[in-house]
Chemist: 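Please read through the structure below; I'll follow up with questions.
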Amino acid sequence: MEKERFYITTAIAYSSRKPHFGNTYECIMTDAIARFQRQMGKEVYMLTGTDEHGQKIEGCAAEAGVTPQEYVDQVSGEIRRIWDMMNVRYDGFIRTTDPEHVRRVQHIFRKFYEQGDIYKSEYEGWYCTPCESFFTETQVVDGKCPDCGRPVERSREEAYFFRMSKYVDRLIAHIEANPDFIQPESRRKEMVNNFLKAGLQDLCVSRSSFRWGIPVPFDERHVIYVWVDALSNYITALGYDPDKEEQPELFRRFWPADVHIIGKDILRFHTIYWPIFLMALGLPLPKKVFGHPWFNSGVDKMSKSRGNVIYADDLASLISVDGVRYYALAEMPYAADGSITYESVVNRYNTDLANNLGNLVSRTHAMAMKYFDGHVPPSGPVSGPDAELREAVLRAREESRRLMESYHIADALDAIFGMLRRANKYIDETTPWALAKEPKMRDRLGAVLYNLLESIRIGGILLAPFLPETSEKILLALGSEKKEYASTEVFGGLEAGAALGPSCVLFARIDEAAFLAARAAEAEQAATKETFAKESAQKEQNEKGKDRIAAKGNDRNPVEERAPADPDEEHPGIIGIKDFMKVELRAGRILSCEKVPKAKKLLRLEVDLGEETRQIVSGIAKEYTPEELCGKTVAVVVNLAPATLCGIESRGMLLASGGDRIRVLFLDPETPLGARIR
RNA sequence: CGCGGGGUAGAGCAGUCCGGUUAGCUCGUCGGGCUCAUAACCCGGAGGUCGUGAGGUUCAAAUCCCACCCCCGCAACCA
């Protein structure tokens, strides 16, 4: 009989910088599912890879003084190194710069064009270079990018568009007929209500403003924009090429994918544009798209400027690879965002891995060594709590399987660890050390230890998809050859008389206080270094304007150093006093203030600037009530171009701290109204 | 009235669809037990008006209905 097949993918990682914990989590999660499916006897193909085109990478490479190809070679290698280190066992690793991928994407693009799905038109709008995005008039906020807040430019370019409208109805019908298509559930409604039913616009699928991309085959001035390029990886990696008479075996065997595992931020592209591209190619749609939640760092989004970025490889050096895997898999809820803190890392590690799992193995192994000279004793008749233990073991097996089938990974792990807890309790119930003192209880003692060893053996096998190394170690300690899932069906697979392996400490306990202190010290050091690096880099650039050459090799993290990550992390360059004086800041008093109806964040203010009174709209409604602002003296940017927000004109801007906690900058009430601030 | 999800012990969650035993679980906390083990393990206690409404339906509501409040996604509007 032919094996059932299972095709699972991660999103391909964007190669502009080193992936942080959230990216790595996705890969670990996907790997756990893939390993589980292999354990279930399926023929699995797990695909991951790197997305290597785009203007941002072009820019990063230029800054680093290397070619884009050299740049992505390095980053892609780094990403792959981390995946490998985390024991992610992928079957395919695609890079969007692979020549085969490039050629196939060109064929796909041409096919779309030839069948009339792609047409040439002109795009005019506001363009944000760092985000590589065009925005419409209504999206742009006061001349700035709505995503990153940096200035946008008026830009017009000839571009190719994909006729989405043609397929929308079919897609809606598909989503409605397949309620499981988008997971978790809540995401499905977001997509359907926010995008599909609201009216889907044609998608711009080419760019001519940069070169680092796959050229449009029939129009060399254009490169194929990210989505046709990146999304296609799921089929090109299997060898799909629309020009081929017959698709290769790999493709025929594995398409359609069973599930695409992706971050919730790109759900829209995977549940709307990707299915439509597939429809246009006449291919079946993936069975499921799972938009996993994000890991936040404590309460904040992870970001370097907050000094709270955690990298998986760094963490692995502290708590082991399986420690990281366990943490990521156990801590992340199914649908809501999870949060990572060092406290919870240590707590999870100590309580679950060291105390519950590690110590169970350790104490059981020690007793078997001491009382039975390192051999598996024969199992005796079932008595006392034996039945309950066995039942717990088999139930954990069923539960974890059921939960894994629906991608409830944390819950599946919980089921297994619950069983381990039951085994610890069993030791207290049966008190083997007391039995050991009575020679006539020898058989009972053997039975008790047998039950424990067998429970651990089954547990070790069940843990294999999540903690592959630990699973190996457990089975090695038991000296058991039986590692296949089938051997867990019946309690009693362990053979009496077999010799145990050497004892081992699976997870040494961590001293929480010392651990946290060390992390705090590191963070401080890193922050200092970061500031220093930035400053000297800027100095260098300003003074000589020379290109910097990326340090290679010994630099611990060269990628991170040169790629300014998120917009909010970018530090301002050094400016002269002239530049500063371009910004006209003046003191004003808030005369009146009210919430903008229908707006969540906006307050409409009348501000007295001495000479004049201005209407300013400010996005601080979540932090301040109108009452507490009235009468306050504030700093206002008065020469900012007017913007229209929610239909209300705003002329100027209040100074306030940004980020998650917005705090308005209040001035001394004695400040004369209209006074220039500098 | 944009769309969706959620408010359950100090924290994180399950239970809600298909109303019904003392509202569970993990962590934390307090007390006890044990000594095989990684100061680990086991037991017990305290701690909950299940967001609010002396609302509705019902013999019975965390669970169904209604109203309101708050939080989080997505979208929009962070000047």
Side-chain angles (χ1 to χ4, degrees), chain A residues 138-144 146-147 149 184-195 197-198 264-265 267-268 291 293-294 330-331 333-339 343-344 347-348 350-371 410-411 414 417-418 421-436 445 448-449 452 503-511 596-603 616-623 636-638 640-656 658-660 662:
Chain A
T138 56
Q139 286 175 305
V140 168
V141 187
D142 193 31
K144 302 243 177 71
D147 284 348
E185 170 84 16
S186 59
R187 303 283 164 201
R188 183 182 101 223
K189 291 174 181 159
E190 277 176 15
M191 292 304 127
V192 173
N193 292 330
N194 286 335
F195 298 102
K197 295 207 166 149
K264 62 179 185 178
D265 54 328
L267 202 64
R268 180 170 136 205
W294 281 122
E331 193 71 13
Y334 181 72
D337 280 354
S339 105
E343 285 86 348
S344 67
N347 193 32
R348 274 279 178 196
N350 277 344
T351 58
D352 292 346
L353 295 177
N355 298 353
N356 186 11
L357 170 61
N359 187 43
L360 171 69
V361 173
S362 177
R363 64 200 299 213
T364 302
H365 190 277
M367 286 191 281
M369 289 308 264
K370 196 189 288 186
Y371 304 140
D411 295 326
D414 198 50
F417 277 77
R421 253 176 256 122
R422 183 64 190 82
N424 271 315
K425 177 174 174 168
Y426 177 82
I427 297 182
D428 274 57
E429 289 168 335
T430 53
T431 59
W433 55 90
L435 296 174
L445 175 62
V448 163
L449 282 176
L452 282 168
S503 69
C504 64
V505 172
L506 297 176
F507 299 95
R509 268 184 70 84
I510 292 171
D511 180 327
V596 175
K598 291 201 295 183
K600 262 190 199 165
K601 297 186 189 171
L602 301 183
L603 290 180
I616 292 174
V617 180
S618 183
I620 52 177
K622 284 194 160 183
E623 319 282 332
V636 178
V637 183
V638 293
L640 194 63
T644 303
L645 302 171
C646 251
I648 299 173
E649 190 186 41
S650 176
R651 297 176 57 229
M653 170 171 135
L654 293 197
L655 288 192
D660 293 340
I662 297 169

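Computed from heavy atoms alone, side chains included, the values below leave out hydrogens, waters and symmetry copies. Quick note on labels: first sequence line is chain A, next is B, and so on, each numbered from 1.
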Chemist: What distance separates Leu360(A) CG from Asn356(A) CG, expressed to the nearest 0.5 Å?
Modeler: 7.0 Å
Chemist: Shortest non-hydrogen contact from Ile616(A) to Arg651(A)?
Modeler: CG1-O, 3.4 Å
Chemist: Determine: side-chain N/O of Asn356(A) to OP1/OP2 of C41(B), distance under 4.0 Å, yes or no.
Modeler: no
Chemist: For Arg422(A), which residues count as a salt bridge (charged side-chain N to carboxylate O under 4.0 Å, His left out) partner, sequence neighbours excluded?
Modeler: Glu388(A), Glu429(A)
Chemist: Determine the contact category for Ala354(A): base if any of its heavy atoms lies under 4.0 Å from a base atom, sugar-phosphate if only primed atoms, P, OP1 or OP2 are that close, otherwise nothing.
Modeler: base
Chemist: Write down the distance between CD (Glu429(A)) and C1' (A37(B)), rounded to a whole number of angstrom.
Modeler: 17 Å
Chemist: Take atom P in C18(B) and the same atom in C64(B), then report the distance between them in whole Å.
Modeler: 8 Å
Chemist: Does Phe507(A) have any ring pair (Phe, Tyr, Trp, His ring centres under 6.0 Å) partners at least two apart in sequence or in another chain, and if so, which?
Modeler: Tyr349(A)
Chemist: Can you tell me how far P in A37(B) sits from the matching atom in U8(B), rounded to whole Å?
Modeler: 43 Å
Chemist: Just the atom pairs and distances: protein N or O near nucleotides 3-6 of chain B's N or O, under 3.5 Å.
Modeler:
unit_1 : atom_1 : unit_2    : atom_2 : d
C3(B)  : O3'    : Asn193(A) : ND2    : 3.3
C3(B)  : O2'    : Asn193(A) : ND2    : 2.4
G5(B)  : OP1    : Lys189(A) : NZ     : 3.4

Chemist: C1' atom, G12(B) versus C68(B): distance in rounded Å?
Modeler: 28 Å
Chemist: List for me each residue that meets side chain to side chain contact (heavy atoms under 4.5 Å, CB included) alongside Val637(A), sequence neighbours excluded, and say none if there are none.
Modeler: Val583(A), Leu585(A), Asn639(A), Leu640(A), Met653(A), Leu655(A)
Chemist: Mapping Val637(A) and Asn355(A) onto RNA chain B by nearest heavy atom, which one lands closer to the 5' end?
Modeler: Asn355(A)
Chemist: Please name all residues satisfying ring pair (Phe, Tyr, Trp, His ring centres under 6.0 Å) with Phe417(A), sequence neighbours left out, ordered by chain then number.
Modeler: Tyr326(A)
Chemist: Using both pair distances under 3.5 Å as the test, note the stems of at least 3 consecutive Watson-Crick or G-U pairs that include RNA chain B.
Modeler: B:2-7 with B:69-74, B:10-13 with B:24-27, B:29-33 with B:41-45, B:51-53 with B:66-68
Chemist: For a quick check of understanding: with a heavy-atom distance under 4.0 Å over all strands, which category does Ser344(A) fall into, base, sugar-phosphate or nothing?
Modeler: nothing
Chemist: Using a heavy-atom cut-off of under 4.0 Å over every strand shown, decide if Phe507(A) touches base, sugar-phosphate, or nothing.
Modeler: base
Chemist: Expressed in angstrom and rounded to an integer, what is the separation of Arg348(A) atom CZ from C13(B) atom P?
Modeler: 11 Å
Chemist: Run the side chain to side chain donor-acceptor pair (under 3.5 Å) test against Arg421(A) and tell me which residues pass, sequence neighbours left out.
Modeler: none
Chemist: Separation of Arg188(A) atom CZ from G73(B) atom C1', in whole Å?
Modeler: 16 Å
Chemist: Can you check whether Met369(A) reaches Ser503(A) side chain to side chain, under 4.5 Å on heavy atoms?
Modeler: no
Chemist: In this structure, how many angstroms lie between the C1' atom of A37(B) and the NE2 atom of His365(A), rounded?
Modeler: 13 Å
Chemist: My understanding is that only residues two or more places apart in sequence, or in another chain, count here; which of them pass side chain to side chain contact (heavy atoms under 4.5 Å, CB included) with Glu190(A)?
Modeler: Arg187(A), Asn194(A)
Chemist: Whole-Å distance between G44(B) C1' and Lys425(A) NZ?
Modeler: 12 Å
Chemist: How many whole angstroms separate atom OH of Tyr426(A) from atom C1' of A37(B)?
Modeler: 17 Å
Chemist: Does anything in residues 357-370 of chain A pair up under side chain to side chain donor-acceptor pair (under 3.5 Å), and if so which pairs, sequence neighbours excluded?
Modeler: Arg363(A)-Asn424(A)
Chemist: For RNA chain B, whose closest nucleotide is more 5', that of Phe195(A) or that of Lys370(A)?
Modeler: Lys370(A)
Chemist: Holding to side chain to side chain contact (heavy atoms under 4.5 Å, CB included), I want the full list of residues that pass it with Asp265(A), two or more places apart in sequence or in another chain.
Modeler: Trp294(A)
Chemist: Hey, does Leu357(A) have a side-chain heavy atom less than 4.5 Å from the side chain of Leu506(A)?
Modeler: yes
Chemist: Please give me the minimum heavy-atom distance between Ala410(A) and Ala330(A), naming the atom from each residue.
Modeler: CB-O, 3.6 Å
Chemist: Report the distance from atom CG of Asn424(A) to atom C1' of U35(B), rounded to the nearest whole Å.
Modeler: 14 Å
Chemist: Taking atom P in both C36(B) and C25(B), compute the distance separating them and give it to the nearest angstrom.
Modeler: 30 Å
Chemist: Considering only the P atoms, how many Å lie between C1(B) and A67(B), rounded to the nearest integer?
Modeler: 15 Å
Chemist: Identify whether any heavy atom of Arg651(A) sits under 4.0 Å from a base atom; if not, whether one sits that close to sugar-phosphate; answer base, sugar-phosphate or nothing.
Modeler: nothing
Chemist: Heavy atoms under 4.0 Å, any strand shown: does Val617(A) hit a base, just sugar-phosphate, or nothing?
Modeler: sugar-phosphate
Chemist: Between residues 357-364 of chain A and RNA chain B, which residues have a heavy-atom gap below 4.0 Å?
Modeler: Gly358(A), Asn359(A), Ser362(A), Arg363(A)
Chemist: Expressed as a whole number of Å, how far does the P atom of A23(B) sit from that of C13(B)?
Modeler: 23 Å
Chemist: Within the 4.0 Å limit for protein heavy atoms, which parts of nucleotides 28-34 of chain B are touched? Write it as a string from 5' to 3', B for base, S for sugar-phosphate only, - for none.
Modeler: -----BS
Chemist: In Å, rounded to the nearest 0.5 Å, how long is the span from OH of Tyr426(A) to OG1 of Thr431(A)?
Modeler: 10.5 Å
Chemist: Give one of base, sugar-phosphate or nothing for Leu506(A), where a contact means two heavy atoms less than 4.0 Å apart.
Modeler: base
Chemist: For Leu452(A) and C41(B), what is the distance between atoms CG and P respectively, to the nearest whole Å?
Modeler: 15 Å
Chemist: Can you confirm whether Arg348(A) sits close enough to Leu353(A) that some side-chain heavy atom of one is under 4.5 Å from a side-chain heavy atom of the other?
Modeler: no
Chemist: Should Asn355(A) and Arg509(A) count as side-chain neighbours, where that means a heavy-atom distance under 4.5 Å?
Modeler: yes
Chemist: Given the P atoms of C27(B) and A40(B), what is the spacing between them in whole Å?
Modeler: 12 Å
Chemist: For U38(B) and G20(B), measure between their P atoms and round to the nearest Å.
Modeler: 46 Å
